[in-house]
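Below, chain A is the first sequence line, B the second, and so on; all start at residue 1. Side-chain atoms are counted along with the backbone in the values below, which use heavy atoms only and exclude waters and symmetry mates.
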Protein chains: 2
Amino acid sequence: MPVTIRDVARASGVHISTVSRTFSAPHLVNPETRVRVLACAEDLGYRPNRAARALITGRTHNIGLIIADIANPFFPPLIKAAESQARHRDYHVFVADTNEDAAAEEELVHALAKQVDGVLLCSPRMSNSLIEQLSREVPLVVVNRQLAGLPCVLMDVGQGARSAIEHLAGLGHREIALLAGPRGSWTSRELRRAAGAAARAAGAELTVLGPNPPTEAGGLAQAEQVRRAGVTAVLAYNDLMAIGLLEGLDALGVRVPQEVSVVGVDDITLSRLTRPKLTTVATPTAAAGRTAVDMLLQHDTEFPRTGRGGGAAVAVGARRTTAQVMLQTELVIRDSTAPGPYAGRDGPGATAAGPGPHRRADPGTPSVVAGDVVAS
Amino acid sequence: MPVTIRDVARASGVHISTVSRTFSAPHLVNPETRVRVLACAEDLGYRPNRAARALITGRTHNIGLIIADIANPFFPPLIKAAESQARHRDYHVFVADTNEDAAAEEELVHALAKQVDGVLLCSPRMSNSLIEQLSREVPLVVVNRQLAGLPCVLMDVGQGARSAIEHLAGLGHREIALLAGPRGSWTSRELRRAAGAAARAAGAELTVLGPNPPTEAGGLAQAEQVRRAGVTAVLAYNDLMAIGLLEGLDALGVRVPQEVSVVGVDDITLSRLTRPKLTTVATPTAAAGRTAVDMLLQHDTEFPRTGRGGGAAVAVGARRTTAQVMLQTELVIRDSTAPGPYAGRDGPGATAAGPGPHRRADPGTPSVVAGDVVAS
DNA sequence: GATCTCTTTGCAAACCTTTGCAGTGAAGTA
DNA sequence: TACTTCACTGCAAAGGTTTGCAAAGAGATC
């Protein structure tokens, strides 16, 4: 029933190889023949069978997208951008959700490996060594995790955390809490490291609470601890937690930002809609999705992964980029941060309320590109 | 480099067909042989090549999920549930985003047809006739659209609209606006039909504003119209639009719910987080995703789609369900609705403020199952 | 001991495409 | 005219798996 290359060949009176070439190497076939074949193909509604093509070329024209939690609003813009970018390059995207589970991640990479030309690992919870091991099975691009020797797309949350802490310190906060993210999260470690350093530099004290699930519930559950810790400002791992915290503090009768200032990370759509509107570190999510796909497919035209007689070519030519792209973040000041107890007093950085509100501008272009192309 | 069935056969000293059977028809191979083969396969890290398998069986063990807009928070829970359910049945999921574009939808179905065993069409914008035509190319399950002769998963937004209008009328509203959704949306038509009937029954007047893009911006853009229409209550196509409207009204200095009551549809996570919290018609999104996958895969073990010698079996056996499943919705009353100008006066349904707040319970089970299994 | 049945295994074709190689014929060159 | 070059096309193998058929061997039955 399904129409194959053979049907097109019969209809247009040429050999199947000519039909094949009409699609995959048009310059090799006579223009007249080409239009005839194309017309027949159109007529019959022929579409090349990708499975058969994959079998021989070794390239599936599919990529895998492994996501910690699709329901986390951080990810949909990334998925959308990646899917769109992939489709422009004639790739289709498998999406899989791990529920924040490292074991599921590993299994998914294995399961997808044979079906895709590469996998985007978004905010993985696995160990670095496991990721490295898996990268020998299938090309990997890692988002939100830094790994030597692997292509990574990073968001500069360190810079974001610094900006946030400086903003808070500038407002006169000295006792700041950090709501950590999930165990295994590179972003959470980065945040902690940078926020700690920035706090020290600003003469503020940083209390780390967590790890926590990166959800609204995770933030809500920490409201009590935040109050008990006696801090006047909080930096949360992400907006979802910040919003949960907003709710929790509200329930406890703690006013934001009058009594406690709250800063999130991500700038999800939601963060503009809460009351108070959330001050947050905007991350260029869509750009990350696009960039990751581009990095994965960088060499797609040059080097087939396997295929007939390709043994040597693969060994010699299958270079993989290990470039690491760092995308800029930006502090977006809204209504959830306000002057704290030391406002106006002397002290490092206690100058002003910082620069006025920013509009988020998705940078789209990397600020830092490190690494190089090496033979794998 | 990649390990094939041949490597396993060599390692375990049997023919490749025996290895194949070990995986796809274990009962046909001697238990001793089986464990040996399994051990070798495990050792070598063998995974069957799905493309090769698909080539001969005609079943890819993939499904396609075509989504109007991944960034619309209505969809991620559906995607997540569908992906999870599919994976339990050993299927992988292609996700594709159409950007609310009917032409993109059609192209995507074509592009995916050869690569999947079926496609879930979520909230399609195409015409019915086009969907029917495409369903001859690849098995389709349609979500949020009613189509005779095709399996559909519907949410009872008609009932939801009735509840919402009755709730508003009960609160004493007589001038109600409906913010319609996008052109081509079945849900929007249903909403309009049911809300119109319910309004008439309650002696209220319904003004339809739209069509509108189903986004926050779409709702925001209608705030001015809403004020000018002089209505005291609004039912929006979805929560996103309702939230946009909330913002727009706020900007215009119109207080919600004191001056205007607002009701959304979907009960996305966000709707609990706005101020005021949004009264909305909860739709069982996750259940819809699960159900749709189940309907698509209902016969997957019984009837291969194509394959050697399968001609007759297909013609006779490839029955497709055309069952239509209707999932219940539920009005969740929060803080964006309040008594209107006719509160307490006589009039149909003007009794009380309704049945008090509900907690959303994802029904998970269909309330109505219609249709039957027919040979296609 | 011959025949039959049943379980287990091997053989080889088939799925649809790509691609190296060789063949054809025409145009160009000496 | 004889030879080379070139553009185009056909041939056939290959990719990894499934599966109908047949063969082999072990018991069971008579």
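- With dT9(C), dT19(C), dT9(D) as the choices, the nucleotide that has an atom nearest any side-chain atom of Val29(B) turns out to be dT9(C).
- Between the base of dG16(D) and the side chain of Arg50(B) there is no donor-acceptor pair shorter than 3.5 Å.
- Regarding Leu55(B), its CG atom lies at a distance of 12 Å from the P atom of dT19(D), rounded to whole Å.
- The nucleotide whose nearest atom lies closest to any side-chain atom of Ala52(A) is, among dC8(D), dG10(D), dC16(C), dC16(C).
- Remark: C1' of dT7(C) and CG of Leu28(B) are 9 Å apart, rounded to the nearest angstrom.
- Note: NE2 (His15(A)) to P (dG23(C)) measures 15 Å, nearest angstrom.
- Contacts of Thr4(A) with the nucleic acid, taken as non-hydrogen atoms under 4.0 Å apart, involve only primed sugar atoms and P, OP1 or OP2.
- Applying the side chain to side chain contact (heavy atoms under 4.5 Å, CB included) test between Leu65(A) and each of Val293(A), Ile70(A), Val93(A) identifies Val93(A) as the sole match.
- In this structure, Thr18(B) reaches the dG10(C) phosphate: one of its side-chain N or O atoms is under 4.0 Å from OP1 or OP2.
- Of all nucleotides listed (dT17(D), dC8(D), dA12(D)), dT17(D) comes nearest to the side chain of Asn49(B).
- The phosphate of dA12(D) (OP1 or OP2) has no side-chain N or O of Ser17(A) nearer than 4.0 angstrom.
- Between Leu78(A) and Cys122(A), some side-chain heavy-atom pair lies under the 4.5 Å cut-off.
- The closest side-chain heavy-atom distance from Ile131(A) to Val142(A) is below 4.5 Å.
- In this structure, the separation between CD on Gln324(A) and CD on Gln146(A) is 5.0 Å, given to the nearest 0.5 Å.
- Using modelled atom types, one finds a donor on one side chain and an acceptor on the other under 3.5 Å when comparing Tyr91(B) with Arg59(B).
- Among the protein residues, Tyr46(A) comes within range of the sugar-phosphate backbone only, with heavy atoms under 4.0 Å from sugar or phosphate atoms but none that close to a base.
- Nucleic acid contact class of Val19(B) (heavy atoms, under 4.0 Å, all strands): none.
- Atom pair Arg59(A):CZ and dC16(C):P shows a separation of 24 Å (rounding to whole Å applied).
- Ile16(B) has its CD1 atom 11 Å from the P atom of dA12(C), to the nearest Å.
- The distance between atom CZ of Arg10(B) and atom P of dG16(D), rounded to the nearest whole Å, is 11 Å.
- At a cut-off of 3.5 angstrom, counting only N and O atoms as typed in the model, there is no donor on one side facing an acceptor on the other between the side-chain of Arg6(B) and the base of dG15(D).
- When the side-chain nitrogen and oxygen atoms of Thr57(A) are compared with OP1 and OP2 of dG15(D), none of them lie within a distance under 4.0 Å.
- We find that CZ of Arg21(A) is positioned 12 Å from C1' of dA7(D), with the value rounded to whole Å.
- When the P atom of dT19(C) is taken as reference, atom NE2 of His27(A) falls 11 Å away, rounded to whole Å.
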